[in-house]
Amino acid sequence: MKQREPFTFSTGVIAYPILFVLILWLVFWFEIRFGFDFNYFGIQPRTVKGLRGILFSPFIHSDIKHLFHNTIPLFILTMALFFFYRTISWKVLLVGLFLTGFFTWLIGRPANHIGASGVIYLLASFLFFKGIFSKYYRLIALSLIVVFLYGGMLWFIVPVDPKISWEGHLSGLVVGLLLAFVFKQNIEIKPKYEWEKEDYDPQSDLFMSHFDENGNFIESLPEPEISEEDIPENKTVYRYFFKKSKEE
């Protein structure tokens, strides 16, 4: 039975991140090109009108600098999500986006919270904690890479700048941790071959039966002679002959 490889590249691994980033830039271009201002669609904490920002706020940015700073991390982290956790990637992304927005709406100060940074913190947090929980070397390596690239983001989960939505960052971090715990058992690991399993018995392995305890090949018994009359028409018969090495 052919075993499924857990970490394989597919079109979605790069297509979906490109699509997400493209939507952000299209929204920003539309605002500039036609003079619209979508900022009022952001999250306005503890107001009924502000609930719509849970869905719309990640796609809205205040200026080109804000958008550019979110583009690269969002692309890299979503690509890692779809490659290493493809079976749960959409659940993590959609549920995480909703919960991050909701917690921001719940704990945020009275302001208009916009931008995809909350989603970035969500992804970074999930990838880090999920790798640690997995105890699988590839995913732990991914966790270390996330820390190396984006560990400095922890500084912005506290109110260091009144212009930055630290509440959105903190919400994303907490939601990422929660989702890593919820999906703790959904770990993609490389499948083991039969000889790597603990219950493997070499005596019952047909291939291993051709070798003795010292690893030497055991000569097979000679095949019975087949007469020409026994060969059906339009059939090809292959005969193999074993010859000992001259060095023996």
Side-chain angles (χ1 to χ4, degrees), residues 16-17 19-78 81-82 88-129 146 150 152-183:
Y16 294 134
L19 177 62
F20 298 152
V21 169
L22 186 60
I23 291 175
L24 301 186
W25 282 89
L26 283 176
V27 170
F28 186 76
W29 172 84
F30 189 86
E31 287 185 282
I32 301 299
R33 177 66 178 80
F34 298 101
F36 283 88
D37 184 3
F38 293 146
N39 285 358
Y40 61 90
F41 281 102
I43 297 175
Q44 300 172 28
R46 295 172 299 282
T47 66
V48 176
K49 184 175 65 173
L51 286 171
R52 64 188 179 184
I54 295 175
L55 177 62
F56 297 122
S57 63
F59 304 99
I60 305 168
H61 293 81
S62 58
D63 53 38
I64 190 71
K65 182 179 179 181
H66 186 202
L67 175 59
F68 180 76
H69 285 169
N70 284 342
T71 295
I72 297 177
L74 183 64
F75 177 78
I76 293 175
L77 293 173
T78 49
L81 176 69
F82 279 98
I88 57 174
S89 55
W90 283 107
K91 293 179 183 178
V92 171
L93 195 59
L94 296 178
V95 174
L97 186 149
F98 175 80
L99 290 179
T100 298
F102 177 74
F103 287 157
T104 304
W105 179 86
L106 201 62
I107 68 173
R109 65 203 139 137
N112 194 44
H113 300 257
I114 58 175
S117 55
V119 179
I120 293 172
Y121 275 78
L122 154 74
L123 295 173
S125 174
F126 175 80
L127 292 172
F128 172 75
F129 288 110
V146 170
Y150 303 111
M153 295 194 310
L154 285 175
W155 180 250
F156 297 101
I157 62 172
V158 293
V160 295
D161 188 337
K163 296 181 181 179
I164 295 177
S165 176
W166 65 269
E167 301 94 332
H169 298 171
L170 179 61
S171 297
L173 181 70
V174 172
V175 171
L177 172 60
L178 290 175
L179 291 178
F181 185 80
V182 169
F183 294 111

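Just the heavy atoms: all of them, side chains too, but no hydrogens, waters or symmetry mates, feed the values below. Count residues from 1 along the sequence.
- Closest approach of Phe59 to Leu55, counting heavy atoms only: CE1-O, 3.4 Å.
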Could you list the donor-acceptor pairs under 3.5 angstrom formed by side chains in residues 33-44, with sequence neighbours left out?
residue, atom, partner, partner atom, Å
Asp37, OD1, Asn39, N, 3.1
Gln44, NE2, Tyr40, O, 3.3

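- Note that CD1 of Ile32 is 8.0 Å distant from CD1 of Ile64, once rounded to the nearest 0.5 Å.
- In this structure, Trp155 places its CH2 atom where only 12 or fewer heavy-atom neighbours from other residues, nucleotides or ligands lie under 6.0 Å away.
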For Val175 and Val95, run side-chain contact (heavy atoms from CB on, under 4.5 Å): C-alpha distance rounded to whole Å, both residues' side-chain angles, the deciding distance at 0.1 Å, then the answer. CA-CA 9 Å; Val175 171; Val95 174; over 6 Å; no

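- The shortest heavy-atom contact between Val158 and Trp166 is O-CB, 3.6 Å.
- The minimum heavy-atom distance linking Val146 with Ala124 is given by the pair CG1-O, 3.7 Å.
- For Phe102, the side chain to side chain contact (heavy atoms under 4.5 Å, CB included) criterion is met by Ile54, Trp105, Leu106, not counting sequence neighbours.
- The CG atom of Leu67 lies 12.0 Å from the CD1 atom of Ile60; values are rounded to the nearest 0.5 Å.
- In this structure, the side chain to side chain contact (heavy atoms under 4.5 Å, CB included) partners of Leu154, at least two apart in sequence or on a different chain, are Ile157, Leu173.
- Distance alone, capped at 3.5 Å, places no donor-acceptor pair between the Thr100 side chain and the Val119 backbone.
- Residue pairs that meet the ring-ring contact (aromatic ring centres under 6.0 Å, His included) test with at least one member in residues 108-129, sequence neighbours left out, are Tyr85-Phe126, Tyr121-His169.
- A side-chain hydrogen bond (donor to acceptor under 3.5 Å, both in side chains) check over residues 49-63, counting only residues at least two apart or in different chains, returns the pairs His61-Asn70, Ser62-His66.
- Rounding to the nearest 0.5 angstrom, the gap separating the CZ atom in Phe181 from the CG atom in Leu177 is 9.0 Å.
- Considering only residues two or more places apart in sequence or on other chains, Arg109 meets the salt bridge (charged side-chain N to carboxylate O under 4.0 Å, His left out) condition with Glu167.
- Closest approach of Ala111 and Pro45 over heavy atoms only: O-CD, 3.3 Å.
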Quick one, Val174 with Leu99, criterion side-chain contact (heavy atoms from CB on, under 4.5 Å). Give me CA distance, side-chain angles, the key distance, then yes/no. CA-CA 10 Å; Val174 172; Leu99 290 179; over 6 Å; no

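- No more than 12 heavy atoms of other residues, nucleotides or ligands lie within 6.0 Å of OH in Tyr16, so this atom counts as exposed by the packing criterion.
- Taking CD from Glu31 and CG from Leu26, the interatomic distance works out to 12.0 Å, rounded to the nearest 0.5 Å.
- Listed for the Ser125 side chain is no donor-acceptor partner under 3.5 Å among the backbone atoms of Leu122.
- Counting heavy-atom neighbours within 6.0 Å of Phe30 CZ, excluding the residue itself, gives a total above 12.
- Heavy-atom minimum distance, Leu77 versus Ile120: CD1-O, 3.6 Å.
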Verdict with supporting geometry, Trp90 and Leu81, side-chain contact (heavy atoms from CB on, under 4.5 Å): CA-CA 9 Å; Trp90 283 107; Leu81 176 69; over 6 Å; no

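- The two atoms that bring Ser165 and Thr104 nearest to each other are OG-CG2, 4.4 Å, heavy atoms only.
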